[in-house]
Enquirer: 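First the structure, which I've put down as structure tokens, then a few questions once you've had a look.
Only heavy atoms go into these numbers, but all of them, side chains included; no hydrogens, no water, no symmetry mates. Every value quoted in this text rests on a predicted model; they were computed, and no experiment measured them. Heads up: numbering here begins at 1 and tracks the sequence.
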Amino acid sequence: MAQRASRWLSQLGAHATLEEDEFVPGAWVLSLGDAQQSHVNVAHPEEIFYEYLRRLANHVDEQAAPGVPLRVLHLGAGALTLARYIQKLRPGSVQVAVDLERELLDFVLDALPMADPHKLRTIIGDAREVLTGELTNESFDIIVLDIFSGSGAPEHLTVSSIYAEMDALLSPGGIILVNVGDDPPFTFADTQIRAISEIFTTVIGSAPTEIFTRKYPGNMILAGTQAKLDLARVERLRSAGPHPGTVLFGSDLDGFGKP
């Protein structure tokens, strides 16, 4: 029988549950309330199951040569799937995880400890307040925003000013990665593309191909950087999958799915 652990989250008003994946040894599924939120293979953190997390990992792979440590800020912790991936493939990376739910971070780390806990710093608080407070003088190669889904997202985390605050903490050549979950007609995704484009020189969107028809719900990964667009990098992202997938930039991204 699969193992299961649960903890009440006072801020969310729901239970967080970790349940062993019966089909993948060493893997666990994190659910918040009735919704699956993350999948993590603790035995093999380099193996990523969810498509949107794999697309995030593809960007991480492109940010520096294999094995080179990175400084990474995670706004939204989940099961720390991407943080574990980075720790496994880029030993020595320094990472910070921010989450509003103290119980969630404690629960995940108690049940599924990091391989090297000394290289992960955790902060409890609102993502935006932490950006302009505790982390003001720090610098990161990658900032991952994985908090909201659709139009129900807190407004202060979806406006262009938060992306400017993230940009201020990036090292030269650094990149922000934003997970945007949305439903047809993808009005919220459009607002985030515009907001990020106000701040960053280069914006790239990647998602399952069907998402770009605006007919099916799902997750899109938006990447923003001040670095010049690297077409070879875009092609590698396309080749990396998961397939079928599409990677767009520039005016093609601004008008995705329009006739």
Enquirer: Under a plain distance cut-off of 3.5 Å, with no hydrogens placed, do Tyr52 and Asp146 share a side-chain donor-acceptor pair?
Expert: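 Yes, side-chain donor-acceptor contact under 3.5 Å.
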
Enquirer: Asp61 and Tyr85: side-chain donor and acceptor closer than 3.5 Å?
Expert: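 Result is yes, a qualifying pair exists.
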
Enquirer: Not counting sequence neighbours, which residues clear side-chain hydrogen bond (donor to acceptor under 3.5 Å, both in side chains) with Thr246? List them please.
Expert: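 Testing Thr246 for side-chain hydrogen bond (donor to acceptor under 3.5 Å, both in side chains), a comparison that skips the adjacent residues, returns Thr209.
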
Enquirer: Can you name the salt bridge (Lys or Arg N to Asp or Glu O under 4.0 Å) partners of Glu210, sequence neighbours left out?
Expert: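 With sequence neighbours excluded, Glu210 shows a salt bridge (Lys or Arg N to Asp or Glu O under 4.0 Å) to no residue whatsoever.
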
Enquirer: Given a cutoff of under 4.5 Å between side-chain heavy atoms of I, L, V, M, F, W and Y, with clusters grown through shared members, what are the other residues clustered with Val94?
Expert: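 Result for Val94 is none, singleton.
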
Enquirer: Only pairs at least two apart or in different chains count here, so list each salt bridge (Lys or Arg N to Asp or Glu O under 4.0 Å) that has a residue in residues 37-53.
Expert: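 Salt bridge (Lys or Arg N to Asp or Glu O under 4.0 Å) check on residues 37-53 returns Glu46-Lys88, Glu51-Arg55.
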
Enquirer: Run the side-chain hydrogen bond (donor to acceptor under 3.5 Å, both in side chains) test against Thr136 and tell me which residues pass, sequence neighbours left out.
Expert: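 Partners of Thr136 by the side-chain hydrogen bond (donor to acceptor under 3.5 Å, both in side chains) criterion come out as none, since no residue qualifies.
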
Enquirer: For Ser161, which residues count as a side-chain hydrogen bond (donor to acceptor under 3.5 Å, both in side chains) partner, sequence neighbours excluded?
Expert: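 Result, side-chain hydrogen bond (donor to acceptor under 3.5 Å, both in side chains) vs Ser161: Arg128.
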
Enquirer: Quick one: do Leu135 and Leu177 end up in the same hydrophobic cluster if we chain Ile, Leu, Val, Met, Phe, Trp and Tyr together by side-chain heavy atoms under 4.5 Å apart?
Expert: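 No: no chain of side-chain contacts under 4.5 Å links Leu135 to Leu177.
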
Enquirer: Decide whether Thr132 and Glu165 meet the rule of one side-chain donor and one side-chain acceptor closer than 3.5 Å.
Expert: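 Looking only at side-chain atoms, Glu165 and Thr132 do not form any donor-acceptor pair under 3.5 Å.
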
Enquirer: How does the hydrophobic cluster around Val159 look, that is, which other residues are in it when side-chain heavy atoms under 4.5 Å mark a link?
Expert: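 Noted: Val159 shares its cluster with no other residue.
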
Enquirer: Rounded to the nearest 0.5 Å, how far apart are CG of Leu56 and CG of Asn58?
Expert: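 Leu56 atom CG to Asn58 atom CG measures 8.5 Å (nearest 0.5 Å).
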
Enquirer: Quick one: side chains of residues 76-84, donor-acceptor pairs under 3.5 Å with protein atoms, not counting sequence neighbours, listed by atom name and distance.
Expert:
from	atom 1	to	atom 2	distance (Å)
Thr81	OG1	His39	O	3.1
Arg84	NE	Ala79	O	3.0
Arg84	NH1	Leu112	O	3.0
Arg84	NH1	Pro113	O	3.3
Arg84	NH2	Ala79	O	3.3
Arg84	NH2	Leu112	O	2.8

Enquirer: Do you know the tightest heavy-atom contact between Leu222 and Gly205?
Expert: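 Of all heavy-atom pairs spanning Leu222 and Gly205, the closest is CD2-CA, 3.9 Å.
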
Enquirer: Could you tell me which residues satisfy ring pair (Phe, Tyr, Trp, His ring centres under 6.0 Å) with His15, sequence neighbours excluded, listed by chain and number?
Expert: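 Testing His15 for ring pair (Phe, Tyr, Trp, His ring centres under 6.0 Å), a comparison that skips the adjacent residues, returns Trp8.
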
Enquirer: Just one of Leu253, Val203, Ile204, Asp167 clears the side-chain contact (heavy atoms from CB on, under 4.5 Å) bar with Ile196, so which one?
Expert: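 Checked Leu253, Val203, Ile204, Asp167 against Ile196; only one passes side-chain contact (heavy atoms from CB on, under 4.5 Å): Val203.
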
Enquirer: Kindly write out the residues that satisfy side-chain hydrogen bond (donor to acceptor under 3.5 Å, both in side chains) with Arg90, not counting sequence neighbours, or none if the list is empty.
Expert: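 Once residues adjacent in sequence are excluded, Arg90 has no partner under the side-chain hydrogen bond (donor to acceptor under 3.5 Å, both in side chains) criterion.
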
Enquirer: Tell me, please, which residues at least two apart from Ala232 pass side chain to side chain contact (heavy atoms under 4.5 Å, CB included).
Expert: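 For Ala232, the residues satisfying side chain to side chain contact (heavy atoms under 4.5 Å, CB included) (neighbours in sequence not counted) are Asp230, Arg236.
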
Enquirer: Provide the full list of salt bridge (Lys or Arg N to Asp or Glu O under 4.0 Å) pairs with a residue in residues 99-111, sequence neighbours left out, each pair given once.
Expert: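 Residue pairs with at least one partner in residues 99-111: Arg7-Asp110.
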
Enquirer: Under the criterion side-chain contact (heavy atoms from CB on, under 4.5 Å), which of His74, Arg71, Met166 is the partner of Ile143?
Expert: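 Option passing the side-chain contact (heavy atoms from CB on, under 4.5 Å) with Ile143: Met166.
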
